[in-house]
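Right, one structure below, let's go through it.
Quick note on labels: first sequence line is chain A, next is B, and so on, each numbered from 1.
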2 protein chains.
Amino acid sequence: MPQKLTLKKIAQDLKVSISTVSKALRDSHEISVETRDKIKDYAKKYNYKPNNIALSLKNQKTKKIGVIIPEIVHHFFATVISGIEKVANDKGYQVIICLSGESFDKEVVNMDMLANGSIDGFIMSLSKETLERQDYHHLREVLNQGMPIVMFDRAVEGIPCDKIIIDDVAAAQSATEFLLRKGKSKLAIISTVDYVNVGRLRTQGFKEALLKRGIEVSDKDVLKIEDTENSTTIIENFLKDTDYDGIIAVNELFAVTASKALQKLGKSIPDDASIIAFTDGMLSKYASPTLTTIGQKGEDMGGLAAAKLIERLEAPQTIEESYETVIVKTSLVERESTP
Amino acid sequence: MPQKLTLKKIAQDLKVSISTVSKALRDSHEISVETRDKIKDYAKKYNYKPNNIALSLKNQKTKKIGVIIPEIVHHFFATVISGIEKVANDKGYQVIICLSGESFDKEVVNMDMLANGSIDGFIMSLSKETLERQDYHHLREVLNQGMPIVMFDRAVEGIPCDKIIIDDVAAAQSATEFLLRKGKSKLAIISTVDYVNVGRLRTQGFKEALLKRGIEVSDKDVLKIEDTENSTTIIENFLKDTDYDGIIAVNELFAVTASKALQKLGKSIPDDASIIAFTDGMLSKYASPTLTTIGQKGEDMGGLAAAKLIERLEAPQTIEESYETVIVKTSLVERESTP
DNA sequence: TTGTATGCGTTATCAG
DNA sequence: CTGATAACGCATACAA
């Protein structure tokens, strides 16, 4: 196993100084063509590559971006990563991923680890526990050190950073209006508990759309699920009690569960009841019937987040403390679960 | 934005030398209790954390592991990452992820980038294109530098490294036998092209199981799909031509597509035709009917791969050139698509 | 008990 | 045109 080639070793082998080698390899004009070629040939022959760690230490930048998300097995997050990775790689950055597992402590620990020189900036979506506690000291600490953060999807107010989100309220509104236009009138939403902001905002949009039409909204038509654990039973019971003809779900899982529950109750979809799910993933595409969804454009969001972060990292001297919130347009993907 | 605290700055502020600070913070006995406490208090107060890059350069190890996989939006790979990440984090390692997007070139580029000091070792699953070309020079180069690799799932022979795989042949065999035992006799397998080794091996297991029962196997009963692009039409045509009563698919996507195609043809599942899918993911769990699967234990595989890699990284002086291939047991998860 | 010097691999500045 | 030196942040062998 031949040791990794360094400038030092090349210098020794060729009996020149380290700095000559360094300059030659960077095509400096102050090196004679002969020595330069000699060195470059040697380097190419033995496949010299500069050591990234040394460069990072020297340049005070790692060309790496840290991504902290709750889970990677959720399709939406996987698409976001995919988008981040594509843009980042194009611009010469690498992606370090840490999962919080929806835990506040793990989010903090991971952030601390990465913040100590491993990366140049963060892209993140907050854990449920963090949203519940509303404790953002770890974000503030990192920002105070001058390290930028871009939040996506599960973002919060009051943190000086860029954000990439969708307009959850508007998306839920238009989905609701879509169902109403299709002649559905007894609607329900299957959402999360309120501290998960996307759940809260989507519920808000749902309610607003109904009120605008002069339709009374009862809290009984809003199902708030805390855990995915036994969501099946909860959803089944919820749908058994009332005769809904239109359901909006804040994620695919709840949607397909609702679809199955309704069919079990003898209802036909979309005729007896229609369904719209947030997130346009695999599940909706392959469910029976296939589900109409609100596409969240995970890959786009990831790409935008990465572009934004890198732009900030490479900005000459960002004294300007103006942060941007990009709202990504959602799109309604119509499938069999709506008429 | 207060600059990041370094040993140097602490030393200046406290008017001691850098090495004194360093030693004090590492609880060296050669430092007096007073100065030690003074320094530790100061460090804690201003939240000193050693710089990872500097440590990496000094120690010649980064405590990071590089993961290169084809795609992250495939549920199987997402579960593997999840497993890797858990084990790695527990042992103080971080995970850098690069996607090859099934491209040979991108795999090579990513490997080169990571190999230059960014990480201590690799965990990877080869891209389709790499398998097709059978060009593994990039792996050999990395191994020659003394950097260990652990391959999982899409592993190949002849590379001196550890491997974490499932026994694809045996798993396909037992799934086939399972269908035969349930009284199915006209079986087919929906697989990938042969250069994707998992597809080839699963097809082999399928054939062997049938031959063992003295059942003739025709190549017409093996559908080899190259791309997921228009797999739906291909599968529909395939199933229309022959009256199969049992289908094995090498992934969930093909399985659920087959299920829908069969139902469209007026067949009832599992009575008229049964289905078994490789990979126990979301799709199978929420399909209608739910699909029986061969669980690949992605999270376990990832965990094992990480454990194996870290074990090798931390082994005192591994001159022993003995590599291990761990075969992870699969499990049949019975659901509605089989009787 | 404390401090100085050296090295990890690289680049940049300055002298020769 | 070439080379010596310092610096990035840290750890450690060796002096004082």
Within this structure, what is the CD-to-P distance between B:Gln12 and D:dG9, rounded to whole angstrom? 11 Å
A:Met151 side chain near A:Ser125 side chain, heavy-atom distance below 4.5 Å: no
So does B:Glu314 pair up with B:Lys63, basic N to acidic O under 4.0 Å? yes
A:Lys61 has an atom NZ; how far is it from atom P of C:dT10, in whole Å? 19 Å
What is the distance, to the nearest angstrom, from the CZ atom on B:Arg26 to the P atom on D:dG9? 18 Å
Can you tell me how far P of D:dC8 sits from CG of A:Asn116, to the nearest Å? 18 Å
Any residue meeting side-chain contact (heavy atoms from CB on, under 4.5 Å) with B:Asp13, in chain and number order, not counting sequence neighbours: B:Tyr42
Phosphate oxygens OP1/OP2 of C:dT10: is one of them under 4.0 Å from a side-chain N or O of A:Ser22? no
Let me know the distance between CD1 of A:Ile39 and P of C:dT11, rounded to the nearest Å. 13 Å
Taking C-beta and beyond as the side chain, do A:Lys128 and A:Glu102 meet within less than 4.5 Å on heavy atoms? yes
Heavy-atom contacts, protein to nucleotides 2-9 of chain C, under 4.0 Å, summarised as B (base), S (sugar-phosphate only) or - (none) per nt, yield BBB--BBB
Check the distance between D:dT12's P and B:Leu25's CG and give it to me in whole angstrom. 13 Å
Is the shortest side-chain N to carboxylate O distance from A:Glu299 to A:Lys86 below 4.0 Å? yes
How close or far is atom P of C:dT11 from atom CD1 of A:Ile10, stated in whole angstroms? 11 Å
Which residues share a salt bridge (Lys or Arg N to Asp or Glu O under 4.0 Å) with B:Lys23, sequence neighbours left out: B:Glu30
